[in-house]
Protein chains: 2
Amino acid sequence: MTDDGPRPVKTTKTSLALVRAVRDSDGATLSELAERLDLAKSTVHNHLHTLVDEGFLVRDGDTYHIGLQFLPFSEHARNRNPLYSTARQRVYSLAEKTGNEADFIVEENGRAYTLEYAIGESTARGLSESSPFRAGNRFHMHNCASGKAMLALLSDGRVREILDRWGLPATTAHTITDEATLFDELETIRRQGYATNDEELIDGYRSIGAAVTGPDDTVIGAFSVGGPAYRLAVDESSTREIAQLLLDEIDSLESELAL
Amino acid sequence: MTDDGPRPVKTTKTSLALVRAVRDSDGATLSELAERLDLAKSTVHNHLHTLVDEGFLVRDGDTYHIGLQFLPFSEHARNRNPLYSTARQRVYSLAEKTGNEADFIVEENGRAYTLEYAIGESTARGLSESSPFRAGNRFHMHNCASGKAMLALLSDGRVREILDRWGLPATTAHTITDEATLFDELETIRRQGYATNDEELIDGYRSIGAAVTGPDDTVIGAFSVGGPAYRLAVDESSTREIAQLLLDEIDSLESELAL
DNA sequence: CCTGCTGTTCACGTATTCCGAACGCTATAC
DNA sequence: GTATAGCGTTCGGAATACGTGAACAGCAGG
C-alpha cells in the first residue's frame, strides 16, 4: 500500500503517523497515541516534543492539537501555481450563479485536493465549516465529479497508475468500484464534456464537474457544483443547464489563462 | 535556540529541515538540498522519497516542491477553534470599510500567524498573492501591530517567555529591539486600547492593531489594518479614526462571541 | 567520445531511536 | 487522610535503522 521506492525513513513516518493520528482524533493525549500506534510512551513522548518544538503540534494541557505551522506550508503550496489562484476566484461566482456549493479541485499524486470552496446564497464568504467539501479536503479521484472529470483527460496509463496506488474504495452503494465500469464512465465524460456524480461519494449528494486544461492540454484542475439530491434534479435539462454554466465559466477562465 | 526539552528526534528534525528548505528555495533539487543542509546525497534521497510518498513534497522532474498534503492539516488547525472562523469573517468588512489591508492574527507558541487577510477596494476576494501579509504567514510578536496588541494583554511572565524563546530580531531600523522599550510600549498600548506599528516590520508600512478577548479575558487573536505610510497618515486624528473602527468591530464581534 | 552533472544504489559502522521499567505528580475513590 | 489509578516524564541499555561515502546509471553539453 504505502509502496516506497528506496529505503523509507521509518522515524519520519512515525512522526507523521502521530501527526495524522492527532488530526483524526481531533486532539489526543500521549497515552492515547501510544496505544493507538502501538508505540512505547517514551517514544511518543520524544516525537511529540519534537513536533511541538517545530510548531506542527500544539500542546494544550495534556492534549495535543495540530499546530498552525502547517499554514505557511499549505499556503505556499496553494499559491505556488499562479493558475490555481486565478482559478480559485471563479469558485465564488459559480456558487452565486448556481446557488449551490462550488469548489475548485486539483490533482496531486493521484489524489484530489479542494483548493477553494464556496456556498451560494450565503453572504458569508469564507464560511465553510461543517461541509465535507471545505477547502483542504482530500478525495479519491473516482468518486467525485471533479475527480472523474480530470481522470477522463489523463492518459490510460496514468489512470491505471492512480488506481493501482489508491484503489477504488466505496463510500456509498453507488460508488464505482470496478475498473471496467470506470473506464466506460470516463469515455462518456469525454464525449459529453462534463462529469456527474450521483450519490457516489456521499448519500444524498449530487454534483457536476468539468476540468480546466492549460494551453498545452495539460489538466490544471476541475470545478464542480453540487448540492443535496432534492435540490439538484436528476432530469437531463437541469443537469445540462448547470453543466453549461460550468463550461462557460471554464471557457472564460481558459481564455484568461491563455494571455 | 531550538531548545527542546527531552531528547529531540533528530531524524524528524532533518526531515522537517528539508521541507523548510524546499519551501524557502521555492523548489529545490536533491543536490542543492544536500549541499545546503550539509548532508549526504543518499540521506537526502531517502528523506525526500519518504516525504513524497506521504504527500508532503511533490516531485516535478528533478525539483521538489511543497505538496498539497499540508492543506488538510492547516485547514484543520484553522477551523479547530470556531472562534477563529467567526473572527475571520470580519476581516473582509474591515478591509472594505477602511479601504486598506486588514488581517486577523492569532498567537501560537509565541509566534503570530495570519489566519485571514483581505485588501479593500479590490473586488477579488481571496486575491492576496504578493503581499507579505497574506494568510499563512508567520511573524514575530514584537514588530507587528497585532502582535504587540496581544502581548499587551498577556502576563509579563508569558511575555518574557516569548521574548526568551524568539528574541527581538530587527527587520527595519524602527523595530523595537530592547526589552525595556517594549514593555513601555505595551503599557502605552494597554492605556490606549490599541497598538500601532510605524515601519517597525517593513519600511514604508504602517498599521494599527487591536486584540480580541474572550469572555474570560483570554486573548483570542487580533485584527490589524495597515497600508503604505503615504496613505496612512501619521497624524493623531486619522489613526484614531481607524482605531475606533477596529474597536467597534471588535466590540461587535465580542458580543457575538458571548452568545 | 568524454566530461560533468544529475539521481540512484549498496554495504558498512555507529549514532539514534526505541523500549521498558521506575519515577513524580494529580485527581479520584475509598 | 490514605490508597490507587492514571497521566506524563526520565533514564539506562540494546538493537535497529539512519547516515555516510564510494561506486553506478543516465543525461546534456562540449
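- Between C/dT16, D/dT9, D/dG21, one nucleotide has an atom nearer to the side chain of B/A40 than all others, and that is D/dG21.
- Side chains of A/E254 and A/T213: a donor on one and an acceptor on the other come within 3.5 Å.
- Taking the side chain as every heavy atom from C-beta outward, B/I66 and B/L57 approach each other to under 4.5 Å.
- Heavy atoms of A/T12 sit nowhere under 4.0 angstrom from any nucleic acid atom.
- Contact of B/T11 with D/dG19 (side chain to base): no donor-acceptor pair of N or O atoms is detected under 3.5 Å.
- Checked against C/dC18, D/dC18, C/dT16, the side chain of A/K10 finds its nearest nucleotide in D/dC18.
- For A/V9, whose side chain is taken as the heavy atoms from C-beta onward, the closest listed nucleotide among C/dT8, C/dT6, D/dC18 is D/dC18.
- Contact annotation: A/T43 does not reach the phosphate of C/dT17 (side-chain N/O to OP1 or OP2, under 4.0 Å).
- At least one donor-acceptor pair under 3.5 Å links the side chain of B/D178 to the backbone N or O of B/T181.
- For DNA chain C, the residues of residues 24-38 of chain B within the heavy-atom distance limit of 4.0 Å (strictly under) are B/T29, B/L30, B/S31, sorted by number.
- Distance NZ (B/K13) to P (C/dT17): 11 Å, rounded to an integer number of Å.
- For A/R59, no side-chain nitrogen or oxygen approaches OP1 or OP2 of D/dC7 to under 4.0 Å.
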Go through the steps for B/H47 and B/L39 under the test side-chain contact (heavy atoms from CB on, under 4.5 Å), then give the verdict.
CA-CA 11 Å; B/H47 279 265; B/L39 292 168; over 6 Å; no

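- Ranked by how close their nearest DNA chain D nucleotide is to the 5' end, B/K41 and A/Y64 are led by A/Y64.
- Applying the 4.0 Å criterion to OP1 and OP2 of C/dC18, one finds that A/H47 has a side-chain N or O inside that range.
- The distance from atom CG of A/D60 to atom CD of B/E108, rounded to the nearest 0.5 Å, is 10.0 Å.
- Atom pair B/L39:CG and D/dG21:P shows a separation of 10 Å (rounding to whole Å applied).
- A side-chain N or O of A/D26 and one of B/H76 form a donor-acceptor pair less than 3.5 Å apart.
- A centroid separation of 6.0 Å or more is found between the aromatic rings of B/F104 and B/Y113.
- For the pair A/N46 CG and C/dT16 P, the computed distance is 13 Å after rounding to whole Å.
- Taking the side chain of A/H45 as heavy atoms from C-beta on, and the options D/dT9, D/dC11, C/dG7, the nearest nucleotide is D/dT9.
- For A/D62, counting side-chain heavy atoms from C-beta on, the closest listed nucleotide (C/dT8, D/dG8, D/dG21) is D/dG8.
- In summary, the aromatic rings of A/Y64 and A/F56 are positioned with their centroids too far apart to meet the 6.0 Å limit.
- Between A/L16 atom CG and C/dT17 atom P the separation is 14 Å, expressed in whole Å.
- Between B/S224 and B/D103, the side chains place a donor N or O and an acceptor N or O closer than 3.5 Å (distance only, hydrogens not considered).
- Summary for the helix from C/dC1-D/dG30 to C/dC30-D/dG1: the axes at its two ends, each from 5 pairs, differ by 30° when rounded to the nearest 10 degrees.
- Remark: B/T14 is in phosphate contact with D/dG19, judged by side-chain N or O atoms under 4.0 Å from OP1 or OP2.
- Under 3.5 Å, the side chains of B/Q69 and A/R138 contain a donor-acceptor pair of N or O atoms.
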